[in-house]
Amino acid sequence: MGQLVTLHDKQFKPYLSEQQIAQAVNKMAKQIENDFKNETPYFLVVLNGAFMFASDLVKAFGKQCEVAFIKASSYQGTKSTGHVHLPDGITQDVKNKQVVLIEDIVETGTTIETLLAELKAAGAAGVRIASLLIKKELYHKPFPIHYSGISISNAFVVGYGLDYNGLGRNLKEIYVLA
Ligand code: 5GP
């Protein structure tokens, strides 16, 4: 594992190794394969944070699939604004598709709640959720997280796609506020 990293005014320490992340990603890919024996998943990647996870997940997924992207944001610095912004709305043709939302992290669940409502309104046949990380203590919404990788404590994390005010997305491991 690496050293402390400094991003803007804050220090972060190593939290989840590349190996732990890879194990979780591979396990999730196998679970999705098992559930999609006769259907083609439409992976909808929630940008920006899920780009790295999504890349590894779809490579580990051994069957045919579609991959599309949607932009969503709710965070400023290390705190959620509580409001989810979808700058482009749903422009993808999700009608009659079996959507699997690929999220980096679920905290309160407001992001997935907003996306679920929009996707259903846009005619998706089904929506499942795959999130690499989940902050279980903070998640109280009724929607199932069908595929979740690693449960983490209530702390701010960066790396492997996740940022702190724009920095840290390229780190190969996941770091937590020191
Ligand atoms: P929710 O809507 O579930 O409360 O929050 C989910 C979104 O907030 C994630 O997609 C991510 O953008 C952001 N988020 C939540 N927790 C963290 C965190 O610990 N670190 C970073 N970088 N983003 C987070």
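All ligand and atom numbering here is 1-based and tracks the order in the structure. Not measured: the values here are computed from a predicted model.
The option from Val106, Thr111, Asp104, Leu115 that lies nearest to atom 10 (O) of ligand 1, judged by heavy atoms, is Asp104.
When ring centroids are compared, Phe61 and Phe36 stay outside the 6.0 Å threshold.
Contact annotation for Ser74 and ligand 1: only side-chain heavy atoms (C-beta onward) come within less than 4.0 Å of the ligand.
Residue contacts with ligand 1: Val84 is placed with no nitrogen or oxygen under 3.5 Å of a nitrogen or oxygen of the ligand (distance criterion only). Inclusion of Ser80 in the set of residues having an N or O under 3.5 Å from an N or O of ligand 1 is not warranted. At least one N or O atom of Val157 sits closer than 3.5 Å to an N or O atom of ligand 1. Considering both main-chain and side-chain atoms, Asp163 comes within under 3.5 Å of ligand 1 through a nitrogen or oxygen pair.
Tyr42 and Asn96 are not linked by any side-chain donor-acceptor pair at a separation below 3.5 angstrom, with hydrogens and angles left out of the test. In the model, Gln64 has a side-chain atom that pairs as donor or acceptor with a side-chain atom of Thr40 under 3.5 Å.
If you number the atoms of ligand 1 from 1 as listed, the ones under 4.0 Å from a heavy atom of Glu103 come out as 10 (O). Interface of Lys135 with ligand 1, defined as ligand atoms under 4.0 Å from a residue heavy atom, comprises 16 (N), 17 (C), 18 (C), 19 (O). For ligand 1, the atoms sitting less than 4.0 Å from at least one non-hydrogen atom of Leu162 are 21 (C), 22 (N), 23 (N), numbered in the order shown with element in parentheses. For ligand 1, the atoms sitting less than 4.0 Å from at least one non-hydrogen atom of Ala155 are 19 (O), numbered in the order shown with element in parentheses.
Among the candidates Glu66, Glu39, Gln92, the single residue satisfying the side-chain hydrogen bond (donor to acceptor under 3.5 Å, both in side chains) test with Lys97 is Glu66.
Inter-residue side-chain proximity for Leu86 and Leu115 is flagged as met; some heavy-atom pair is nearer than 4.5 Å. Between Val45 and Val58 the shortest side-chain heavy-atom distance does not fall below 4.5 Å.
Judged by the shortest distance from any of its heavy atoms, Gly49 lies outside the 4.0 Å radius around the atoms of ligand 1. The closest approach between any non-hydrogen atom of Glu113 and ligand 1 is not below 4.0 Å. Residue Ala50 places no heavy atom under 4.0 Å from ligand 1.
The nearest protein atom to atom 14 (N) of ligand 1, hydrogens excluded, is given as Tyr75 CE1, 3.4 Å; this is a heavy-atom distance. With respect to atom 4 (O) of ligand 1, the closest heavy atom belonging to the protein is Thr108 OG1, 2.5 Å. Counting protein heavy atoms only, atom 11 (C) of ligand 1 is closest to Ile105 CG2, 3.6 Å.
Within a 6.0 Å radius of NZ in Lys30, other residues, nucleotides and ligands contribute more than 12 heavy atoms. Within 6.0 Å of NZ in Lys136 there are 12 or fewer heavy atoms belonging to other residues, nucleotides or ligands. Shown here is Lys27, whose NZ atom has more than 12 heavy atoms of other residues, nucleotides or ligands within 6.0 Å.
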Give the C-alpha distance, both sets of side-chain angles, the deciding distance and a yes or no for side chain to side chain contact (heavy atoms under 4.5 Å, CB included) between Ile32 and Leu57.
CA-CA 10 Å; Ile32 302 172; Leu57 185 75; 4.1 Å; yes
